Each structure stands twice: as C-alpha cells, then as structure tokens.
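When reading the values below, keep in mind they use all heavy atoms of this one structure, side chains included, and skip hydrogens, waters and symmetry mates. Proteins come first, then strands; the chains are lettered A, B, ... in the order of their sequence lines, and each starts at number 1. What you see is a predicted model; the values in this text were computed from it and never measured.
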Amino acid sequence: MSVRTRFAPSPTGYLHIGGVRTALFNWLLARHYGGQFVLRIDDTDQERHVEKAVGMILDGFRWMGMDWDEGPEVGGSVGPYYQSQRGEKYKAAADKLVASGHVYRDYSTDVERAAGKKAADEARVAYRFRGTPPTPDEMARFDAEGRPYALRFQVPLGRTVVIHDLIKGDVEQKTDEMGDFVIVRAGGQPLYNFASVVDDADMAITHVVRAEEHLTNTFSQILVFQALEYELPAFAHVPYVAAPGSRKKLSKRDGAVGLDTYMGQGYLPAAMMNYLARIGWSFDATQEIFTRSELIEKFSLERVNSSPASHDPDKLFWIQGEWMKTLPLAEKVDAVIPFLRDAGLVGEEIHLNQKRKIAAVVSALGDRLKTYSDIITLGRYFFTETLTHDPDAVKKRLKKPGVPDLLRKLDLLLATVEPYEIATLETAMHQFAETNAIKMGDVVNPLRVATTGQGVGPGLYDCLEILGRESCRARIAGTLAMLEEARPA
RNA sequence: GGCCCCGUCGUCUAGCCUGGUCUAGGACACAUGCUUUUCACGCAUGCAACACGGGUUCAAAUCCCGUCGGGGUCACCA
C-alpha cells in the first residue's frame with residue numbers, strides 16, 4: 001500500500017510558517033515513499049471561514065513547490081476535498097455510530113454545560129462531560145418540545161488508549177480521564193474529531209502528520225476509528241514552532257510569521273523549504289544545505305525532533321544567502337524586475353538597455369543581494385537621479401576639510417577619463433591618489449558618498465560606470481551644493 | 001488544577017534508544033583578526049550548553065525517580 005499523507009488547513013486566514021512546515025513534512029514523506037500528498041480544506045466551521053484564505057493557501061503551496069496529488073483544483077477519486085461538501089459522508093458515519101450504540105443524543109443546554117464547567121473549574125479538576133443516553137420516552141418528549149440535540153460519543157470506561165506515535169513514541173491515556181465528546185453539533189455540523197477521522201479513513205490516509213496540539217485529540221479520534229471499524233493510520237505529532245529566542249508558541253504577535261511576508265520580500269522557495277525542513281529535523285551532525293531532491297531522498301520521521309524549535313529569522317536569512325549565491329545572473333535579473341516595478345523605479349516596459357543596466361547593477365551588487373527586495377534598499381540610487389544622502393556617511397566621509405575641493409578635482413577627472421569604464425577609471429583614480437599623495441580610501445570613500453549617497457555598496461568603479469559620466473558629474477555637483485547649504489553661516 | 005508532551009551553547013542541532021571514543025561536535029548569530037576603497041563574500045580564531053536535585057553504575061548528556069520550567073488539552077473551534 002502506498003503512503004498517503006495529507007495537510008488539512010482550516011481556511012481562517014494567512015498561511016503560518018509553522019503550518020507550512022507541517023505541510024512540508026507531509027509532502028516530503030509522501031514524495032520520499034513515492035506516495036500521494038492530499039490537500040483537504042477543513043472548512044466545517046463556516047463561521048470562521050475566510051473568503052480568500054483557500055486561494056492564499058494554494059498560492060503558498062505553489063510558491064513552495066509543494067504539489068498536491070489530490071485536492072482543490074486537481075480533484076481526485078476520493079473527493080470532494082472540502083469538508084463543507086462532505087456532509088453525506090459524515091451523516092452516514094454518524095448513523096452507523098448511532099446504530100451501533102457508540103453515540104447518544106445529548107439534549108443538554110448551554111446553560112447546563114456552563115454550570116458543569118464552572119463547577120469543575122472551582123473543584124480544580126478537568127471538565128468532563130459524561131451523560132447517559134436518553135430513553136425513548138425522553139427522546140420523544142424532548143423532540144416534541146423541539147429541543148435540539150447534539151450527538152455525543154460515549155467513551156467506554158476502564159480502558160487505556162495508546163497512540164504509537166512516530167515522533168513522540170507510545171503515549172497512553174486512560175479513558176476514565178476523557179469526557180464524552182460531541183461529534184455532531186445540534187444543527188448537524190460535524191466536528192473536527194469526527195470529521196477528520198471519517199475523512200482520513202475515507203481518503204485512505206496512511207500517515208497523519210500534524211501539529212502536536214492535536215496529540216490529546218488523537219485519543220478521542222482513535223476511539224472513533226475503532227467504533228467505525230476503520231483501520232488506524234500511523235500518527236506523527238510534530239512539535240510546535242516557537243517564537244524567535246523563546247519557547248513560546250509562534251503567533252501573529254511575533255511579527256513575520258506568514259509565508260506571504262517572505263514571499264513578498266523576495267525569498268527563494270528553495271531557501272524557505274531548506275530552512276523549514278531544518279527546523280525540527282536534521283539529517284546528520286553537519287549538513288545544513290539541502291536541495292529539494294536531497295530533502296525528498298533524506299527525509300524521515302525518525303529524525304524529526306520531539307521537542308519544539310524556535311523560528312530563527314537569522315538562519316533563514318543565511319540559508320537564503322547561500323541559495324542566492326547559486327543562482328545565475330539572468331535569473332536574478334528577471335526576479336528583481338517586479339520589485340523595481342512595484343517601487344516605481346522602472347516602468348512596465350523594460351527596454352534592452354534598461355535590462356542591461358539592471359543586469360549590471362545585480363552583477364555589481366553580487367552577494368550583497370540577499371533577497372530580491374534588497375534591490376530596492378541596496379540599489380535604489382542606480383535607478384533615480386534624486387540622491388538621498390545617508391547622514392552617517394555624509395558625516396563620516398564628507399564633513400571634512402578639503403572634501404569639496406577634492407570633489408571638484410575628481411569631477412574634472414571624471415570629465416576627462418577616456419573611455420569611461422571600470423579599468424580606465426581605476427587607473428585614473430590610482431594615479432590621482434598617487435600624484436596628490438592621498439590614501440586611496442580618502443579619495444574613494446568621499447566619491448562614493450558623493451555619487452551614491454551611501455557609505456557602503458558595490459565597488460566604486462562599478463558604480464561610476466553603471467551611473468555613467470553625466471550622472472556622476474551631476475551628482476557630485478548636487479552633493480557640493482548640499483554641502484554648501486549645510487555649512488553654518 | 002487534572003491529564004498528556006517537552007527540557008544539550010542566545011538560536012537550529014549531533015550525541016541519548018544500544019552508558020565509556022564527549023576535556024560534548026557542527027551551523028547561525030555575536031566578537032576579533034586577515035583580505036579589501038566601503039560593505040558583502042571568503043579565510044582564521046574566539047565566546048558559549050548537557051534545567052536542577054537525588055539514585056543506579058567502576059563510569060551518566062546518555063538509565064531510573066523527584067523538582068522546577070515551557071507547551072498542549074480539558075469547546076456543540078480546528
């Protein structure tokens with residue numbers, strides 16, 4: 001039997017990277033064994049349903065390169081893949097449980113249960129609902145009154161349920177510690193612990209790999225599996241992802257936790273996949289960088305950690321840098337264009353000369369370009385004549401005696417260099433420093449700030465060439481004017 | 001609070017199952033140095049951990065117990 005895994009997100013909002021990691025483990029497991037990865041939308045709770053959420057989830061998966069064999073858009077033989085469309089299956093399963101006496105009608109009211117809960121809290125014990133099936137007479141009477149009822153699973157007492165978890169090991173729970181749980185709400189809506197079991201069985205899921213928060217739910221689910229006489233899948237509960245530098249679960253409050261944030265910043269899917277795989281999983285003592293196919297080849301649940309790991313944006317950033325280094329120039333150039341466009345630095349149409357310039361900038365930026373959005377922060381001045389001077393750089397490199405004079409001389413130099421290109425520029429600059437007995441740093445640095453406005457950046461000669469003679473001279477003039485203006489009267 | 005899960009450098013982890021090779025290894029981050037016109041890259045060096053307390057043993061990060069800490073769950077949410 002082939003391995004079938006699934007990821008069943010609830011479409012309540014954005015795609016959390018912790019969720020993406022869980023999905024990744026599922027996907028990796030399926031691909032490793034040549035099985036199928038199923039995407040199912042757990043949207044039983046319509047109240048919490050967020051319209052565009054499914055689209056966001058799908059986009060995130062596509063971006064990551066995690067393809068699903070069955071699910072939304074692609075369909076499959078055991079659909080539908082939206083829980084909201086599987087009502088009949090839940091109905092049939094619920095009827096079966098009613099017939100076999102595993103569930104009973106619970107006519108209790110919200111008020112009654114709230115009281116029971118409150119009493120349990122005060123007694124400092126766990127709240128457990130434990131009811132008795134109503135008699136036919138009671139049922140008739142309540143129905144006549146029009147009282148609604150939920151379907152509750154009657155937990156058999158005196159047993160121990162055992163989960164053979166592939167990550168946590170054997171985990172036990174005495175049924176005496178469990179309360180009877182609702183499987184179908186009054187109104188007919190099936191609940192997670194029931195719907196999930198019906199679907200996992202119906203979809204022939206062999207490995208349920210999901211977040212640790214479901215570990216305790218699993219005891220209830222196993223009972224349902226058994227009552228329905230379904231074969232049990234293997235379970236694997238992955239620890240939660242903690243916030244950076246803490247052991248607390250990562251939440252929206254911790255900042256960038258949505259996959260869309262990283263997509264928007266121009267992270268590479270390969271880097272994200274590499275990073276996510278490494279949080280909570282390792283192959284050996286040393287390997288950090290994994291390609292997608294290596295991950296598929298080397299992934300195993302056995303090596304997933306049983307303890308939580310925290311999100312480490314620094315490490316993500318480093319891995320991203322490593323992946324960026326492997327990319328050919330042309331690919332980076334194409335990827336950077338949308339960012340330039342969004343920032344209004346280039347127009348819709350990219351002409352050949354413009355593309356050459358972008359390529360020159362990306363090339364000059366080299367390893368400094370860690371994410372695609374860096375093109376904006378690091379390369380802005382190449383695409384606009386409006387120079388923004390970094391105050392620190394101005395203070396450090398330009399607010400010195402003799403600098404205006406130096407810049408005027410350099411301007412003259414730039415005016416005469418022929419041809420105007422990296423090699424000649426470099427020779428001219430060295431000669432200039434030598435004849436004037438100035439250190440290279442003292443000529444290069446002021447000139448950098450005067451032409452780019454920044455204290456750091458690519459090699460100066462690259463910058464000068466890309467900018468072009470006229471632009472450089474204009475910028476020097478602008479900088480001179482700025483210095484003049486700033487001078488105290 | 002009951003029940004369940006977890007606890008190695010700041011962080012990701014190797015080692016733990018099958019005690020000795022662990023004066024606990026690698027990586028990120030950080031610091032310093034080298035390279036360099038700046039930054040980035042690269043190279044080198046440094047910093048830094050077995051939560052705590054008992055026990056078992058010739059020997060414990062590794063096995064057992066307890067404590068503390070973190071997390072989950074106890075919904076007619078997922």
State whether [X] and [Y] are salt-bridged, where the test is any N-O pair (Lys NZ or Arg NE/NH1/NH2 against Asp/Glu carboxylate O) under 4.0 Å.
X        : Y        : result
A/Asp202 : A/Arg86  : yes
A/Asp110 : A/Arg113 : yes
A/Asp200 : A/Arg40  : yes

Taking the inter-plane angle between the rings of [X] and [Y] on a 0 to 90° scale, is it parallel (under 30°), tilted (30 to 60°) or perpendicular (over 60°)?
X        : Y        : answer
A/Phe225 : A/Phe235 : perpendicular
A/Phe317 : A/Tyr267 : perpendicular
A/Phe37  : A/Phe61  : parallel

Report the nucleotide, chosen from B/A40, B/C39, B/A78, that has the shortest atom-to-atom distance to any side-chain atom of A/Asp367.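 Of B/A40, B/C39, B/A78, B/A40 is nearest to the side chain of A/Asp367.
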Within 45 degrees of the ring normal and closer than 6.0 Å to the centroid, is that where the cationic atom of A/Arg147 sits relative to A/Tyr107?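 Judged by the rule (NZ or CZ under 6.0 Å from the ring centre, within 45° of its axis), A/Arg147 is not positioned above A/Tyr107.
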Between [N] and [M], how far apart are the two [atom1] atoms, rounded to whole Å?
N     : M     : atom1 : value
B/U23 : B/A49 : C1'   : 15 Å
B/G15 : B/U8  : P     : 14 Å
B/G42 : B/C58 : C1'   : 49 Å
B/C50 : B/G25 : C1'   : 13 Å
B/A48 : B/A29 : C1'   : 12 Å
B/C63 : B/C68 : P     : 22 Å
B/A60 : B/A24 : C1'   : 13 Å
B/G19 : B/U57 : P     : 16 Å

Test item: [X] side-chain N/O and [Y] main-chain N/O as donor-acceptor pair under 3.5 Å:
X        : Y        : result
A/Arg159 : A/Val155 : no
A/Gln320 : A/Leu268 : yes
A/Arg475 : A/Thr452 : no

Contact class for [X] vs. all strands (heavy atom < 4.0 Å): base, sugar-phosphate, or nothing?
X        : result
A/His237 : nothing
A/Tyr240 : sugar-phosphate
A/Gly366 : nothing
A/Gly321 : nothing
A/Ser196 : nothing
A/Leu460 : base
A/Tyr461 : base

Please determine whether a side-chain nitrogen or oxygen atom of [X] lies at a distance below 4.0 Å from atom OP1 or OP2 of [N].
X        : N     : result
A/Arg185 : B/C77 : yes
A/Lys325 : B/A40 : no
A/Thr286 : B/G25 : no

Roughly, in whole Å, what's the span from [atom1] in [X] to [atom2] in [N]?
X        : N     : atom1 : atom2 : value
A/Gln83  : B/C77 : CD    : C1'   : 12 Å
A/His430 : B/U37 : NE2   : P     : 7 Å
A/Met429 : B/U38 : CE    : P     : 15 Å
A/Glu112 : B/C76 : CD    : C1'   : 13 Å
A/Leu464 : B/U37 : CG    : P     : 15 Å
A/Asp392 : B/C39 : CG    : C1'   : 14 Å
A/Lys396 : B/U37 : NZ    : P     : 15 Å
A/Leu365 : B/U38 : CG    : P     : 17 Å

For A/Arg448 and for A/Lys370, locate the closest nucleotide of RNA chain B by heavy-atom distance; then report the residue assigned to the nucleotide nearer the 5' terminus.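 Between the two, 5'-proximity favours A/Arg448.
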Return whichever of A/Pro148 or A/Asp462 has its heavy-atom-nearest nucleotide of RNA chain B closer to the 5' end. A/Asp462
Any chance you could list the contact pattern along nucleotides 1-24 of chain B? Use B for base contacts, S for sugar-phosphate-only contacts and - for none, protein heavy atoms under 4.0 Å, 5' to 3'. BBSSSSSS--BBSSS---------
So which nucleotide does [N] pair with, by the Watson-Crick or G-U wobble rule with both distances under 3.5 Å?
N     : value
B/A14 : none
B/U32 : B/A44
B/A61 : none
B/C22 : none
B/G66 : B/C52
B/C74 : B/G1

